Structure formats: structure tokens, C-alpha cells
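On a predicted model such as this, the values are computed, not experimentally measured, just so you know. Order of the sequence lines fixes the chain letters, A, B, ..., with proteins taken first and strands second; residue numbering starts at 1 for each chain.
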There are 2 protein chains.
Amino acid sequence: MLETDTITAEDVAAAAGVSRWTVARAFKKDASISRKTRDKVLAVARDLGYVPDLHAAGLAADRSNLVALIFDDFDNPHKLVILERMTRIVQQHGWAAITINSGGPDGATEALQSARQRRVDAAVMIGTEFDDELLSTATEARRLKKLVVFARESLCKGTISIHCDDERAMAEIAEHITACGRRRPLFLAGPETQSAGLRRAELFNASWTSRHGSPSPIVHVGAYASDTAYHRLLEVFGALGGLNAVDVVVCENDIIAIGAMDALRHGLGLHVPQDVGVVGFDDITLAAAPSYALTTYRQPISSMVEALVEILESGETPASVTALEGRLVVRSSL
Amino acid sequence: MLETDTITAEDVAAAAGVSRWTVARAFKKDASISRKTRDKVLAVARDLGYVPDLHAAGLAADRSNLVALIFDDFDNPHKLVILERMTRIVQQHGWAAITINSGGPDGATEALQSARQRRVDAAVMIGTEFDDELLSTATEARRLKKLVVFARESLCKGTISIHCDDERAMAEIAEHITACGRRRPLFLAGPETQSAGLRRAELFNASWTSRHGSPSPIVHVGAYASDTAYHRLLEVFGALGGLNAVDVVVCENDIIAIGAMDALRHGLGLHVPQDVGVVGFDDITLAAAPSYALTTYRQPISSMVEALVEILESGETPASVTALEGRLVVRSSL
DNA sequence: CATGTGCTTGCACGCGCGTGCAAGAAGATT
DNA sequence: AATCTTCTTGCACGCGCGTGCAAGCACATG
């Protein structure tokens with residue numbers, strides 16, 4: 001790189017024959033500056049390749065225009081969808097996103113501290129590992145301007161939660177299964193510790209029980225990973241009673257659903273959906289692939305990010321909970 | 001959040017009975033400070049919950065400890081692998097990563113400018129849309145401290161390129177195919193404009209021709225997307241001569257390979273690898289799924305990121321090219 | 001032409017910390 | 001005990017820009 005010498009507002013001011021502050025005004029919307037000087041300054045700035053230093057601006061204004069996106073894992077492609085929406089929409093509104101890899105639950109404190117050191121306007125926690133207990137004990141969390149829990153309902157004090165209305169979602173799934181004539185669901189949930197925070201198994205059973213009197217069995221998978229789900233299902237399917245006990249597998253997310261489908265088809269030689277139906281959650285890209293054609297529930301990620309932007313732009317820090325409605329995407333797995 | 005009042009080095013200094021600069025020294029490795037005062041300061045800092053403000057530090061030292069990761073798309077799960085390694089390893093060395101969504105090639109300039117505004121120590125471009133022509137015409141690129149092109153060879157002046165040794169990779173693939181007895185490869189490449197930068201088709205054919213005399217046909221897919229690849233292969237397979245003309249499909253990446261496998265199996269009713277073999281590139285998680293069991297080539301992402309860290313830590317800005325060796329992962333698709 | 005109003009512009013001060021130098025403290029030397 | 005080192009510590013200045021206020025200006029009014 002050749003011209004690394006940073007060019008400041010001072011330089012532009014000198015070249016345009018105005019003061020440094022006038023240059024700042026030219027770049028500030030709704031600033032009191034005459035049309036003529038603004039145009040002149042902007043033109044000079046363009047020639048010189050000047051852009052305001054957001055770093056210094058943040059320091060002065062105590063507003064970094066930075067949000068931290070803290071992820072607990074990067075295995076689920078759904079994270080990529082979230083990241084895409086998040087970065088794109090947030091950028092459109094003038095923020096930049098710093099992505100922090102917490103590297104597991106133990107790293108949460110460190111991640112939060114790192115966010116604070118960068119003066120982020122908000123830290124967004126994305127991942128089931130970040131449960132309310134962890135958040136309520138993390139003192140770092142108290143020191144952030146805003147703490148948002150994304151894609152999971154959080155009742156933690158001082159925390160802002162933006163998520164899909166899972167209660168409604170699970171009710172819709174229960175209804176769809178019922179409409180398809182299935183009566184023997186098996187709920188395949190994630191790791192017991194993490195899955196609890198999502199409450200999907202619980203919500204599904206609440207809805208299912210209200211319709212059919214008795215709950216569905218729940219089996220936990222050791223990790224949100226297809227191969228783990230694959231082996232887990234093989235392990236329990238026969239023990240539960242095989243086809244006599246299960247005619248549809250409801251999964252906490254698509255990753256598990258993919259593993260379940262592979263297990264049913266390749267491991268047990270069954271047909272989906274003829275023998276056993278499968279329903280997922282998230283609608284990852286792969287769910288639409290002809291090999292899977294998974295019926296799943298799509299979270300309203302874009303709306304959720306819009307909600308985040310609103311919270312970013314609002315001055316106050318309301319300890320709020322926003323639940324948005326997604327939609328069931330019916331394909332051929334049920 | 002309750003205690004939003006930022007606590008500065010000044011506060012710690014007062015509480016510890018030293019000057020602000022001594023506090024700074026306590027946090028600086030290899031600083032000239034006595035063991036005793038450092039321990040005292042650090043203890044006070046911990047009690048008060050003080051951590052140095054990296055924002056202000058960056059402003060003062062002209063070093064933000066920030067790198068920008070600029071992505072052109074978020075559809076390929078391989079990006080997630082890169083992101084995970086990138087954030088994790090870079091964090092371990094004291095940097096934080098800001099993720100920028102360029103939203104297509106037109107957004108590259110804007111993304112670069114955004115990176116500059118944040119005073120990043122380096123901007124890393126990840127994606128085939130960022131070709132050398134674009135980079136050489138982008139004046140913003142000249143103003144960054146370091147510009148790194150990741151996972152693609154770049155010969156652009158002033159640019160640092162870190163990538164997998166594709167020449168060797170394609171030679172290994174050609175050798176494997178040959179060893180498996182296949183003699184009629186079809187190369188399924190990405191969009192013509194983007195694929196050119198990767199040069200994989202070209203490199204494969206160089207190797208193939210040297211072994212068997214004549215090159216493999218090359219078919220371009222309109223997008224790096226499975227369904228696009230699916231339809232494209234269906235479209236051209238018969239026209240090329242079907243099984244008489246093709247006994248293995250070599251794909252520019254796994255996403256295309258997945259689409260190709262689906263097309264061969266579900267679209268054409270063929271068997272993989274019995275009728276036609278498939279080889280991919282990247283080794284995404286899905287490649288290991290039993291439904292695909294894709295033979296593919298794994299790029300040495302971790303080593304590549306380590307190389308990036310080395311470049312970050314080295315003061316100079318060598319316009320360098322680093323090509324690292326990956327490895328072929330043989331599964332059952334060939 | 002004098003006065004008042006509203007729009008522009010300039011500026012002191014501060015955001016939190018790093019750098020380099022000089023003053024001070026502690027230990028070593030004769 | 002006096003002096004010299006070496007280690008510690010304090011400080012002026014600056015990084016690039018935002019905020020709030022006051023001075024400057026143009027124009028309209030009487």
C-alpha cells in the first residue's frame with residue numbers, strides 16, 4: 001500500500017479554506033451548514049480521499065457504531081444466514097459488526113470483555129450455550145451498553161431478547177403433524193443443557209398434549225451435529241419400539257433433522273415420509289436440497305435483525321422481549 | 001445494564017496511588033515497571049473491573065488490533081469454516097475481526113472504505129468476486145495498511161495473497177482419478193467471471209493433458225449454488241454424450257459437487273460412483289455426510305490463518321504470495 | 001441607515017491512552 | 001559516606017474528532 005499517511009479533517013479544511021469543524025459538519029446529516037460550503041468541502045474531501053475516522057469519532061462521541069456478534073459455534077450453517085442478514089442490515093444503518101468466537105461457554109466472559117474493550121454499542125449473543133444462568137453471573141455483561149440475546153428467549157434481567165415465537169411455531173408443527181395423520185411423534189432435542197434454554201421440546205409437548213392427551217417422548221442428542229443425531233437415533237429407535245412407536249421425528253433444528261433422515265434412510269432402510277416423517281427447524285439451505293426436501297420452520301431472521309436495529313437506534317435500554325412470527329415451510333419429508 | 005459509567009486508567013491510578021501511566025505500564029508486556037507495583041495495579045484494576053480501552057489505545061498508537069474480513073457471499077458453508085478459524089486464531093493473538101458483507105462485487109469499494117474508516121490493521125478479502133482487476137482499480141485498497149487476498153491467488157501489486165496450492169491440488173485430483181481408472185472427466189466450474197480467478201479448471205486440465213494427451217471439457221455453472229449446478233448438469237450431460245463422454249465430474253467446489261451428485265442420482269437415475277464419480281473441493285461438513293460421502297480436497301485453512309497472523313505481526317508489508325499444501329480426502333464418491 | 005433575526009462558522013475542551021524524555025528512587029561501587 | 005548506575009515513575013504532547021457556545025455574517029425590516 002502506498003499512501004498510508006492518514007488524511008484528516010484538518011487537511012481537508014486547509015484545502016477547502018474552512019475550519020476543521022466545518023468539515024465535520026459537511027459530513028454530518030442535519031448539521032447547520034450552508035449548501036454551498038458543504039458541497040465544496042465534500043468535493044475536496046472526495047479528491048483527497050478523506051473519510052471521517054470512525055475510531056476517533058467514537059472516542060469523542062462515546063458511540064462506536066460497532067456491535068459485537070458473539071457466536072458459540074460455527075458448525076450450523078444457519079449461523080451463516082444469521083451472519084449474512086446481521087452484517088448486511090446493520091451495515092445499511094451505519095454500524096459495523098465485529099464477530100467474536102467465544103470458543104465454547106467458558107469463553108463467554110472473555111468474549112464479553114473483548115466486546116467491552118472495543119466500546120461496542122451492543123453485544124449480541126447468538127448461541128444456545130449462552131444461557132440465562134451464564135448471563136446473570138457474568139459481571140462483564142453488566143458493563144455493556146446493551147446486551148442482546150438473539151434467537152433465544154431470555155428472561156435474564158437487563159437483557160434484551162429477540163427471537164422467534166417458538167410457542168406458536170411448535171403449535172403449528174403439532175398441527176401440521178396432526179393434519180398429516182401422524183400420531184406417534186418422537187422429539188429429537190439437542191444436548192440437555194443447551195436445549196433447555198430453547199424450550200422447544202417443552203412447547204411442542206404442551207401443544208401436542210392439549211391435542212392428543214399424552215406427550216411425545218423426548219430424546220436428547222449429545223451435540224447439535226448431524227452425525228451425532230444419526231447415531232443417537234439408531235441407538236434409540238428400536239428401543240422405543242420402532243415403527244410401532246414412532247411415525248414422525250420432530251427435531252429441534254435442521255442439523256439434527258438431517259442426521260435423523262440419514263439414519264432413517266441409510267441406517268434403518270426406511271422411507272421418508274412414507275414410514276416415518278421428519279420435521280426440522282431453521283430452514284437451512286440444505287433443507288431445500290432434493291436429497292432432503294425437509295419440512296421445517298423458518299425463523300424471521302430479517303425481521304429479527306430489523307428489531308435489533310431499532311433497539312440500537314433507540315436511546316433507551318429497555319429490558320425487552322421481542323417474539324416474532326416465522327412460518328412453516330412444507331416440503332416432502334412430511 | 002447498570003454500571004455503564006466507563007472506568008478509566010485514571011480511576012485505577014487514583015485507587016492504587018500511582019499515576020495513570022504506571023497503570024498503562026502494568027498492562028503492557030515488557031514495560032519497565034517493578035513487580036510489586038504491577039501486581040498492586042493489576043489487583044486494583046481487577047477489583048474495579050478495569051480493562052484498557054482498545055479504541056483509545058488504537059487512536060493513540062495508530063494500531064487498532066482490528067482486521068476486517070470482507071466476504072462476498074454467505075451461502076457456502078465453507079465460509080463458516082474460514083470464519084471460525086479466522087476469528088479464533090486471530091483472537092488468540094490479540095486481534096478482533098470485523099466482518100463486512102460486501103453484498104456483491106459493487107460493494108467492494110464501500111467495504112474497503114468501511115474498513116479504512118475503522119483503521120483496521122489489515123483487510124482480508126474472502127471471495128471469488130474480488131478479482132485482481134477489481135483490486136487494482138480500487139483506490140481505497142491503496143490506502144489500507146495491508147490488503148490480503150485469502151484463499152485465492154492474487155498477483156495484484158501491493159497485495160498479499162494467502163492460498164492453497166491449487167496447482168498441486170489439481171494434480172493430485174487428476175492422479176486420483178487416473179488411479180481409479182476414469183478417463184472421461186468433465187470439469188464443472190463456477191461462473192465464468194469468478195472461476196477464472198481460481199484457475200482450477202485451467203490447472204486441472206494442465207495436469208490432465210500432460211497425463212492423457214487431451215483436455216477435459218469444461219462447463220461453467222451460473223452460480224456457486226447446488227441447485228444451479230444441479231440444473232446445469234442435467235442440461236449438459238446428455239448433450240455431451242452422457243455416460244459415453246463422462247465417467248467422473250470434477251467440481252470446482254463442494255457446493256457444486258453436491259448439486260452434481262443430486263443431479264446424477266435424482267435427476268438422471270445414475271449411481272455414484274459406479275456410473276459416474278464425483279470429486280469436490282473444500283471438504284465442507286456436508287461432504288462427510290453419509291448421503292454424500294464426497295471425495296474432496298481440503299484446504300489448510302488453519303495454516304493459512306497462521307500465515308495471516310504472521311503477516312499481521314510482521315511490521316513490513318511484503319507484497320507476498322503464500323501457497324500452502326492441502327490434502328485429498330478420499331470418500332466413496334470416487 | 002440603524003437595528004434585529006436567523007443562519008454559518010470558529011473554537012476551547014475533552015474522549016482515554018501511547019510515546020519519549022526527564023526526574024526521582026534504589027541499589028552498587030569506591 | 002559520596003558518587004555513579006540502573007531501575008521506576010511522572011508528565012507534556014498528541015492521536016482525530018464531537019459538543020456546546022459565542023462570534024460573525026447576511027438579510028430583512030422600519
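In the helix from dC1(C)-dG30(D) to dT30(C)-dA1(D), the end axes, each obtained as the rotation axis mapping the C1' atoms of four pairs onto the next four within a five-pair block, lie 50° apart to the nearest 10 degrees.
If you measure from atom CG of N65(B) to atom P of dG18(C), you get 11 Å, rounded to the nearest angstrom. Per the geometry, CD belonging to E10(B) stands 14 Å off C1' belonging to dG18(C), to the nearest Å. Summarising the geometry, the separation between CZ on R119(B) and C1' on dC17(C) is reported as 13 Å, rounded to the nearest angstrom. Regarding R118(A), its CZ atom lies at a distance of 17 Å from the P atom of dG16(C), rounded to whole Å. One atom, CD of Q117(A), and another, P of dG18(C), lie 11 Å apart when rounded to the nearest Å. Distance, D53(A) CG to dG16(C) P: 17 Å, rounded to whole Å.
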Return all side-chain donor-acceptor pairs below 3.5 angstrom for residues 15-22 of chain A, not counting sequence neighbours, or 'none' if the list is empty.
from	atom 1	to	atom 2	distance (Å)
S19(A)	OG	T22(A)	N	3.4
S19(A)	OG	T22(A)	OG1	3.2

Donor-acceptor pairs under 3.5 angstrom involving side-chain atoms of residues 82-90 of chain A: please list them, not counting sequence neighbours.
from	atom 1	to	atom 2	distance (Å)
E84(A)	OE1	R88(A)	NH2	3.3
E84(A)	OE2	R88(A)	NE	2.9
E84(A)	OE2	N101(B)	ND2	3.1
R85(A)	NE	S302(A)	OG	2.8
T87(A)	OG1	L83(A)	O	2.8
T87(A)	OG1	E84(A)	O	3.0
T87(A)	OG1	N101(B)	ND2	3.3

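The ring pair (Phe, Tyr, Trp, His ring centres under 6.0 Å) analysis of residues 52-76 of chain B, with sequence neighbours excluded, yields the pairs H55(A)-H55(B), F71(B)-F74(B). The side-chain hydrogen bond (donor to acceptor under 3.5 Å, both in side chains) analysis of residues 38-47 of chain A, with sequence neighbours excluded, yields the pairs R35(A)-D39(A). Counting only residues at least two apart or on different chains, no salt bridge (Lys or Arg N to Asp or Glu O under 4.0 Å) pair has a member in residues 95-107 of chain B.
In terms of phosphate contacts, T6(A) brings a side-chain nitrogen or oxygen within less than 4.0 Å of OP1 or OP2 of dG16(D). Of the side-chain N and O atoms in K28(B), none sit less than 4.0 angstrom from OP1 or OP2 of dC17(C).
Contacts of residues 54-62 of chain A with DNA chain C (heavy atom under 4.0 Å): L59(A), A60(A).
Evaluation of the ring pair (Phe, Tyr, Trp, His ring centres under 6.0 Å) rule for H78(B) yields no partner, not counting sequence neighbours. Qualifying salt bridge (Lys or Arg N to Asp or Glu O under 4.0 Å) partners for D131(B), counting only residues two or more places apart in sequence or in other chains: none. For F130(A), there are no ring pair (Phe, Tyr, Trp, His ring centres under 6.0 Å) partners, not counting sequence neighbours.
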*Which letter, B, S or -, goes with each nucleotide of nucleotides 6-11 of chain D from 5' to 3', with contact meaning a protein heavy atom under 4.0 Å?*
--BBBB

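For the residue pair S102(A) and D72(A), no side-chain donor N or O sits within less than 3.5 Å of a side-chain acceptor on the partner.
Panel note: side chain T99(A), backbone I98(B); no donor-acceptor pair is recorded below 3.5 Å. Counting only distance, with no hydrogens or angles, the side chain of D121(A) and the backbone of V67(A) share no donor-acceptor pair below 3.5 Å. Without hydrogens or angle criteria, Q117(B) side chain to V51(A) main chain gives no donor-acceptor distance under 3.5 Å.
Remark: L324(A) CG to D165(A) CG distance equals 8.5 Å, nearest 0.5 Å.
F27(B) comes within 4.0 angstrom of no nucleic acid atom, judged by non-hydrogen atoms across all strands.
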Grab the N/O contacts between the protein and nucleotides 22-26 of chain C below 3.5 Å, and write none if there aren't any.
none

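A 6.0 Å sphere centred on CD of Q92(B) holds more than 12 heavy atoms belonging to other residues, nucleotides or ligands.
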